[in-house]
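Note that the structure is a prediction, hence the values are computed from the model and not measured. Sequence lines set the chain letters: A, B, ... in the order given, protein chains first and strands last, and positions in each chain run from 1.
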2 protein chains.
Amino acid sequence: MVKVLVVDDDQDLRDNLMEVLTENGFSPDSAENGEIALEKLQDDTFELVLLDSVMPGMDGLETLPLIKRTYPKTRIIMLTAFSTVNSAVEAMRNGADDYITKPFKIDELLVAIRRCLEEAKFGVCEEILNSDDMFKCLANATRRKVLLLLYRESKLRFMDLTRKLNIDDHTKVNFHLKSLKDAHLIEQDRRKNYQLSPKGKKIVSCMSSIASS
Amino acid sequence: MVKVLVVDDDQDLRDNLMEVLTENGFSPDSAENGEIALEKLQDDTFELVLLDSVMPGMDGLETLPLIKRTYPKTRIIMLTAFSTVNSAVEAMRNGADDYITKPFKIDELLVAIRRCLEEAKFGVCEEILNSDDMFKCLANATRRKVLLLLYRESKLRFMDLTRKLNIDDHTKVNFHLKSLKDAHLIEQDRRKNYQLSPKGKKIVSCMSSIASS
DNA sequence: CACAGTTGATAAGTTTTCTTCACAAAGAGA
DNA sequence: TCTCTTTGTGAAGAAAACTTATCAACTGTG
């Protein structure tokens with residue numbers, strides 16, 4: 001169920017939208033200004049926020065960048081009564097994914113919501129397709145072994161790693177380590193110890209969860 | 001530091017084990033029955049649970065499957081005063097990784113703990129290193145694209161897939177599909193529609209969680 | 001300083017993977 | 001039936017990845 005947060009100071013509009021969204025298979029919640037919206041976003045994960053630009057208290061234009069910075073994957077559609085080209089452009093630049101002017105037809109909004117969520121999916125797709133280095137790296141058994149060794153031992157020097165891998169030619173290990181470094185899966189500290197990067201750590205746990213299925 | 005949870009109703013034994021485990025470089029915590037153990041497991045991640053089988057409240061044999069189902073990677077060593085072949089077999093079938101009868105020497109327990117943790121490590125390692133086909137498969141952008149397409153569209157026929165990929169040479173697509181089939185990431189139904197296998201689905205979700213980090 | 005072990009870059013040769021092409025069986029429709 | 005699309009195989013050349021070998025910079029130690 002897709003969670004949507006409606007942020008508007010007009011209670012009637014909030015109630016109305018909540019009802020329509022529920023009917024259309026969404027799981028909505030609402031907030032009457034920016035502060036409350038941010039609190040709710042902290043407690044729960046929303047895929048989409050419908051954000052009124054003019055509100056008493058913290059308004060939408062102010063809230064927008066705060067939301068986007070903390071929750072970059074959350075989609076935001078701005079709702080506003082005062083439509084000017086400038087404010088629209090400004091909102092889009094600050095990270096709004098779409099922009100609808102009041103009054104709007106409910107179908108218009110639903111279309112925007114669906115397109116917005118659809119694009120979000122595509123976004124994930126793009127990210128995955130572009131992480132080519134990472135997958136190329138994982139394709140090699142030696143390199144996966146290195147990741148696991150570093151996962152278990154936290155830090156290892158070059159020659160220790162080479163010995164643990166049972167590889168006598170150190171230049172071969174070097175080749176693979178370079179490839180892992182280029183893909184940002186491992187990194188070196190000042191003393192040249194090799195260790196997993198945060199990304200590398202994440203991957204090892206993912207690897208085990210996949211392998212054990 | 002390896003976290004170990006000691007679950008036993010005997011306070012003396014708990015305190016004693018906590019001390020010994022601390023001395024031996026573990027980071028132990030304790031619980032006096034199954035309910036409390038489950039709460040602690042929720043709050044914190046333990047690599048190993050030492051679980052008494054007979055306790056007032058929720059006993060060990062009852063708790064065992066609950067823990068294993070929710071935290072499949074957590075290792076569990078059963079401790080019990082009433083050793084029968086049946087209860088041991090039953091416990092092992094329910095997911096216990098080892099089984100020790102009271103009274104036991106502390107060294108005996110430590111050996112069991114170390115072996116248990118070592119096996120856990122080795123298990124993950126072996127599994128991952130052997131899933132070579134899978135990683136080789138994911139190394140190719142076209143094949144990842146196929147997985148994503150199938151993830152989004154559920155089922156696709158060969159030529160539809162080819163067109164969606166914008167590849168004019170269908171034999172090339174065929175080559176990659178074969179490779180995906182061999183790695184058991186996709187499968188075909190009677191009507192030759194291609195779709196993700198359960199493993200394939202799991203991988204796509206893992207892929208997105210890694211990519212978006 | 002000199003030396004031994006460590007760490008790493010680069011280039012040539014080898015193996016694996018990918019692409020392309022030629023061909024063919026199975027099914028759908030005129 | 002004949003034709004066209006779909007679905008698929010196998011093999012040879014092109015491209016990428018991997019291995020191996022040569023050389024060099026850095027590290028610490030006696």
Side-chain angles (χ1 to χ4, degrees), chain A residues 128-150 153-197 200 203, chain B residues 128-150 153-197 200 203:
Chain A
I128 297 175
L129 293 176
N130 289 336
S131 45
D132 207 64
D133 289 353
M134 186 187 85
F135 287 109
K136 287 255 162 68
C137 238
L138 294 174
N140 181 283
T142 304
R143 289 193 290 258
R144 291 201 298 277
K145 231 174 186 168
V146 170
L147 290 182
L148 281 161
L149 273 173
L150 290 176
E153 320 246 347
S154 301
K155 285 192 178 202
L156 280 173
R157 309 257 306 286
F158 176 74
M159 284 311 285
D160 293 334
L161 205 43
T162 305
R163 278 185 281 267
K164 293 221 179 222
L165 288 168
N166 273 319
I167 294 177
D168 41 357
D169 181 1
H170 71 275
T171 65
K172 181 172 162 186
V173 178
N174 212 298
F175 169 81
H176 290 296
L177 287 179
K178 200 173 169 190
S179 149
L180 283 161
K181 263 194 289 183
D182 291 345
H184 303 287
L185 301 187
I186 63 174
E187 51 198 23
Q188 277 179 293
D189 61 12
R190 298 103 254 144
R191 291 177 188 164
K192 304 208 172 187
N193 287 309
Y194 285 93
Q195 58 187 314
L196 290 183
S197 70
I203 285 173
Chain B
I128 296 174
L129 292 176
N130 289 336
S131 44
D132 206 65
D133 290 352
M134 188 187 85
F135 286 110
K136 289 253 163 70
C137 239
L138 294 175
N140 182 285
T142 303
R143 288 193 292 257
R144 290 201 299 278
K145 228 172 187 170
V146 170
L147 290 181
L148 281 161
L149 273 173
L150 289 176
E153 317 247 346
S154 301
K155 285 193 177 201
L156 279 173
R157 309 250 309 284
F158 176 75
M159 284 312 285
D160 292 334
L161 204 44
T162 305
R163 277 185 281 268
K164 292 219 179 225
L165 289 168
N166 272 318
I167 294 178
D168 41 357
D169 182 1
H170 69 277
T171 66
K172 182 171 162 185
V173 178
N174 214 299
F175 169 81
H176 291 297
L177 287 178
K178 203 173 171 188
S179 150
L180 283 161
K181 262 194 288 182
D182 291 345
H184 303 288
L185 299 187
I186 64 173
E187 50 198 24
Q188 276 179 292
D189 61 11
R190 301 100 257 141
R191 290 177 192 163
K192 306 210 171 186
N193 287 310
Y194 285 94
Q195 58 187 316
L196 289 184
S197 71
I203 285 173

According to side-chain contact (heavy atoms from CB on, under 4.5 Å), who are the partners of Ala139(A), at least two apart in sequence or on a separate chain? Ala139(B)
Just the rounded figure in Å: distance from P of dT6(C) to CG of Leu161(A). 13 Å
Below the 4.0 Å mark, does dC18(D) have OP1 or OP2 next to a side-chain nitrogen or oxygen of Arg143(A)? yes
Whole-Å gap separating C1' (dT17(C)) and CG (Asp132(B)): 13 Å
Whole angstroms only, please: what is the CG-C1' distance between Asp169(A) and dA9(C)? 14 Å
Could you work out, with side-chain contact (heavy atoms from CB on, under 4.5 Å) as the rule, every residue matching Arg190(B), not counting sequence neighbours? none
Could you state the atom-to-atom distance from CZ of Arg190(A) to P of dT27(D) in whole Å? 15 Å
Does dT5(D) have OP1 or OP2 sitting under 4.0 Å from an N or O in the side chain of Arg163(B)? no
Quick one: Arg191(A) CZ to dT7(C) P, roughly how many Å, whole number? 14 Å
For Lys178(B), all residues meeting side-chain contact (heavy atoms from CB on, under 4.5 Å), sequence neighbours excluded: Asp182(B)
Side-chain N,O (Arg157(A)) to OP1/OP2 (dT6(C)) below 4.0 Å: no
Using residues 156-163 of chain B as the side-chain source, report each donor-acceptor pair under 3.5 Å to any protein atom, sequence neighbours left out, with the distance given to one decimal.
{"from": "Asp160(B)", "atom 1": "OD1", "to": "Arg163(B)", "atom 2": "NH2", "distance (Å)": "3.4"}
{"from": "Thr162(B)", "atom 1": "OG1", "to": "Phe158(B)", "atom 2": "O", "distance (Å)": "2.9"}

Among all residues two or more places apart in sequence or in another chain, which pass the side-chain contact (heavy atoms from CB on, under 4.5 Å) test with Ser197(A)? Glu187(A), Lys199(A)
Check nucleotides 8-14 of chain D for protein N or O atoms closer than 3.5 Å to its own N or O atoms and list the pairs.
{"from": "dG8(D)", "atom 1": "OP1", "to": "Gln188(B)", "atom 2": "NE2", "distance (Å)": "3.1"}
{"from": "dG8(D)", "atom 1": "OP2", "to": "Tyr194(B)", "atom 2": "OH", "distance (Å)": "2.6"}
{"from": "dG8(D)", "atom 1": "O6", "to": "His170(B)", "atom 2": "NE2", "distance (Å)": "3.1"}

Heavy-atom count around Lys164(A) NZ within 6.0 Å, excluding the residue itself: above 12? no
Length of the line joining Asp160(A):CG and dT6(C):P, which is rounded to integer Å: 8 Å
Between P of dT15(C) and NZ of Lys172(A), the distance in whole Å: 13 Å
Any side-chain N or O of His176(A) under 4.0 Å from OP1/OP2 of dA17(D)? no
CG of Leu165(A) versus C1' of dC18(D): gap in Å, rounded? 15 Å
Find out whether Met134(B) and Ile203(B) are in side-chain contact, i.e. whether some heavy atom of one side chain is under 4.5 Å from a heavy atom of the other. yes
N or O in side chain of Asn140(B) less than 4.0 angstrom from dC18(C) OP1/OP2: yes
